[in-house]
Amino acid sequence: MSAPISDRPLVIAKRDPAQVMRLARLGSFHQCRLSFMRILTRRMTREGWTFSRPAFEIDVTGVGHAIYCAHTPERTYSLVAFAHNLPAEKRSDRVIAEAWDSTFTLFDGVPDADDITRLRQNIPLQEAGRVTEKELSVSRANRSVRLWEHVVSRLAAGQQPDAAEIANVGYLMRTTAVYGSGKLGAADREMIADRPECSAPFQVEMLSVFLTRAFVRDLAQHMANMRGRGRAVDLDSAIARTMGIGNSTGLGMAPFLLTHPILFNNWIDARETAIAMVRSVPTASAADVDLFRSLLARSITSADIWRSSHPLQIEKLALLRRDLKSLSTHVAAVDLRGNFPWDRLYRWAEKALGVDAQECLASLIQEPYGDLVDHLADQMSDSDAAAFRINGSMPLAELRAILARDYDWALAIDWTEKDAFARAWYVSEEKLEPRLGERFEEPISPYEQPLAPGRDAAALYGDLKGWADDSLVAAFLLVHPEHRHSVRRAQIVDRAPYAEIRDNTIGSDLLPLDMLRCKLAFFGATHFDPRSDRWVRICLFGNAPYPEELQMRDADDWPYPPLGEGIS
Amino acid sequence: MSHSLNEIEALSKCAARGAGLSWGMAEETGKAIRWLESHGLPGVAMLASLLAQNDRIAHGAVAPQFLEGTRGLDGIWAASSGRLCPLIAGAALNDCADRLTAGHDIEMSNVSHPLLAVPFAAWAAIHLGAPVTVAWGRFRGETDGYGLWVDDPIAQIEAATPAAMSFALAAPAAAAAPAAPRNDPVLAPGQRGHVCLAAWGHLNTFAHRTYAPASETSRLLGAGAGESDND
């Protein structure tokens, strides 16, 4: 059936931004082939990266440092890990913490002794330290106290850890921040963006977490060996593989989607293009259909082993599990070979399933079509610096038309109702991190950040009244400098229609979780476990190959757990 | 010690906001200071000096005056207070870069800290696809958006004293013969900034005004935590 891919017409259009860019949908996204972790693991496998561990100097109390090198065909990146002995009372996932179980930096090249000395004085301090352009990221991680102790004590006693215990947590350590791109003096993304392995978004951060996972596994083994003195056994590699790296993510990450509109557009646009391309496939081969069916079964397992104690997530999960079973029943009954099978299936899902399962399906149908969609990863960075410039020559009639078309959802909100603007985003003095406050309960309005595009676009639209259609944006902005920010956004959305979240980001019913899940799904995270409406724990690289396994396993489908793990 | 350009941009943006500029202007200020520092020019120091001078001053007092009954900016640009803000005037210049055509220059009177307007001319040049010349006092410069060629050595580049500025499209090359690349010395963008640390401290003071003081209530309400992480 296969005509050359590039010759296939896109007979199904990309989905409408008005449908895609709602928070309830963005907050139901699932990982897909274009997730940043998978872009990285595919590249590492394809290019045959090799890995080495030139240092592992950890003492009997678990204190010391280790170096993990990733060798690409062109260069080397080194994770420098510092292990600490952290008293329980200091263990906090909050960004305001000041000490951690382990701290890390990804070093550009191979560090020498002087570098290690310098890093030892700075990395353990995290935000209170300072790094240089040789460092690409700074991060830290805390143990899952429960699982860590279980795994170390079992191994020390000569036994393997219990699979159910592992399934309940999913990771031995969770990162609580991974800083990149210039933070704390590190190299700007622009310094490395022209390297092929860094060109897709967040590849440095993902590599850092990938190597962190190997370090954490090795550290647990090391501690078990020292505790067990000869009785200890090696951790079974299949069990080890089920463990990812946890991540605790709070509000600091949420504004990113608003402050990087072009980049966000490019992520969404790549995924939407992939969905449209697959829906445009006229016929599917038996092998493609089989692959889809098997990954659907594994998605059901994934939903079954997904744990959360948050009421909203429990409700969402119940619906997702039910919908995936309906999908499975439907898929067993219909012919998926001819007559635009993926489009038919997607259209059925839009009517029969909730948003969460729709988005799961939208990701799943891409799986058999790597040849078709994987190259879209090259379009996910922001290379459009010119988009920042305001076009002052635009007549106000045109600006008005953009607002009426792309911000209709915002113009329909009554912004005099308190509930519509009950919240405000601000930056705390304490840790210079974004927070979300209650406008009418806390004195935060004077510090409000520009993270309410809907309200601000509506205000802009209001102030345009009385201006002639042929007046120019430049003249308007001289009188209304307060609208400069919104005019820029509107002009960006005009050329990048997926750039804007088309929902109220300061309403009393806002769930910041939706923004977090959207971004984390692009990372490739699974098993979102909200701890409140504004922070979430996730698992990264669960079931992924370890560095030394990349060449042994054909494992691009690692985000889907093996069948039969589920006990539901 | 060097700074990353992202750090320079982020702090400059916050400081501009803290000194009373609109968020949109603050965003452009961040990028302008980043542009200058990446070219080895003292953007941070100039910004600290400008913000101290114009602290919380009304936009209308230092912006080019909007002339009723015209399409905005006709004639020589001037501020009602007598002293134009280089950031606000620079942003307006870039907004209406399309007005820079052969023989149609943009003139401004009494621009303080004129160097701070140069990045906006650079962005206008990128938009126009042609170099733009910038002149004030004895300073003559030309930029294609990436590089900056300075004819008059650095003598006046750091002056804060208000000066008349003019911006013009560099003589266009004949259509058939694209301009030869310039091979005289150029300030080209680098990847790190070496900022004046005293001025950096001043920018931090301005930026600090944008941060909400912490309270235990806001800690709990604002980030939604409070559980033990020893699990």
Side-chain angles (χ1 to χ4, degrees), chain A residues 88 91-95 130 132-133 142 144-146 181-183 185-191 248 250-251 386 388-390 392-393 426-430 432-433 435-438 441-444 447 450 471-475 477-479 481-488 531-535, chain B residues 1-10 14 17 21-28 31 59-60 63-67 70-73 88 91-92 94-99 123-124 126-127 191-192 207-215 217-219 221-231:
Chain A
R91 186 172 293 107
S92 165
D93 288 5
R94 302 287 313 282
V95 74
R130 185 88 191 147
T132 72
E133 65 265 42
N142 282 335
S144 161
V145 175
R146 192 161 42 121
S181 199
K183 267 269 209 177
D188 285 315
R189 173 173 163 76
E190 290 79 357
M191 288 182 76
S248 261
L251 282 177
F388 183 77
R389 179 183 178 272
I390 288 176
S393 303
Y426 65 97
V427 172
S428 74
E429 183 182 46
E430 199 168 35
L432 309 188
E433 280 285 321
R435 286 189 178 155
L436 184 64
E438 302 296 329
E441 293 169 34
E442 301 167 78
I444 49 177
Y447 306 99
S471 293
L472 301 183
V473 160
L477 287 179
L478 271 183
V479 181
E482 73 277 17
H483 291 313
R484 227 179 145 74
H485 172 81
S486 295
V487 167
R488 189 188 339 273
R531 312 296 285 180
S532 78
D533 69 345
R534 50 191 76 184
W535 72 287
Chain B
M1 181 180 78
S2 69
H3 284 82
S4 74
L5 298 178
N6 279 341
E7 287 179 296
I8 291 168
E9 177 176 340
C14 278
R17 176 63 182 169
L21 288 168
S22 72
W23 276 115
M25 265 314 307
E27 287 156 359
E28 267 149 292
K31 296 220 182 281
H59 170 90
Q65 280 181 287
F66 177 75
L67 306 172
T70 71
R71 278 160 77 86
L73 296 155
I88 294 172
N94 187 24
D95 285 353
C96 35
D98 292 326
R99 295 162 62 126
W123 298 325
I126 291 174
H127 169 66
Q191 297 186 309
R192 299 290 285 184
H208 197 262
R209 294 175 179 170
T210 66
Y211 309 141
S215 67
T217 327
S218 71
R219 269 180 211 130
L221 280 177
E227 299 178 50
S228 162
D229 292 318
N230 282 301
D231 59 347

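These numbers come from the heavy atoms of this one structure, side chains and all, not from hydrogens, waters or symmetry mates. Protein chains get the first letters and strands the later ones, always in sequence-line order, with residue 1 at the start of each.
Side-chain atoms of B/R99 do not come within 3.5 Å of backbone N or O of A/S393 as any donor-acceptor pair. A side-chain donor-acceptor contact under 3.5 Å links A/R488 to the backbone of A/F388. Panel note: side chain A/R534, backbone A/L436; a donor-acceptor pair is recorded below 3.5 Å.
With rounding to the nearest 0.5 angstrom, the CG atom of A/D188 is 5.0 Å from the CG atom of B/L5. For the atom pair OG1 (A/T132) and NE2 (B/H3), the distance works out to 13.0 Å, reported to the nearest 0.5 Å. B/E7 CD to A/K183 NZ: the interatomic distance, rounded to the nearest 0.5 Å, is 9.0 Å. Rounding to the nearest 0.5 Å gives a distance of 8.5 Å between CZ of A/R484 and CG of A/L478.
Counting heavy-atom pairs under 4.5 Å between each of A/R130, A/R189, A/H483 and chain B puts A/R130 at the top. When the candidates B/N94, B/I126, B/D98 are compared by the number of heavy-atom contacts under 4.5 Å with chain A, B/N94 comes out ahead. When B/C96, B/A124, B/S22 are compared by the number of non-hydrogen pairs under 4.5 Å with chain A, B/S22 comes out ahead. Options A/G250, A/A386, A/S181 differ in how many heavy-atom pairs under 4.5 Å they form with chain B, and the most are formed by A/S181. Contact tally against chain B (heavy-atom pairs below 4.5 Å) for A/P481, A/S428, A/S486: the top residue is A/P481.
Both the backbone and the side chain of B/E28 come within contact range of chain A, judged by heavy atoms closer than 4.5 Å. Contacts between B/A207 and chain A at a heavy-atom distance below 4.5 Å are absent for every atom of the residue. Only the side chain of B/H59 comes within contact range of chain A, with at least one heavy atom under 4.5 Å from a heavy atom of that chain. Residue B/A97 touches chain A through both its backbone and its side chain, counting heavy-atom pairs closer than 4.5 Å.
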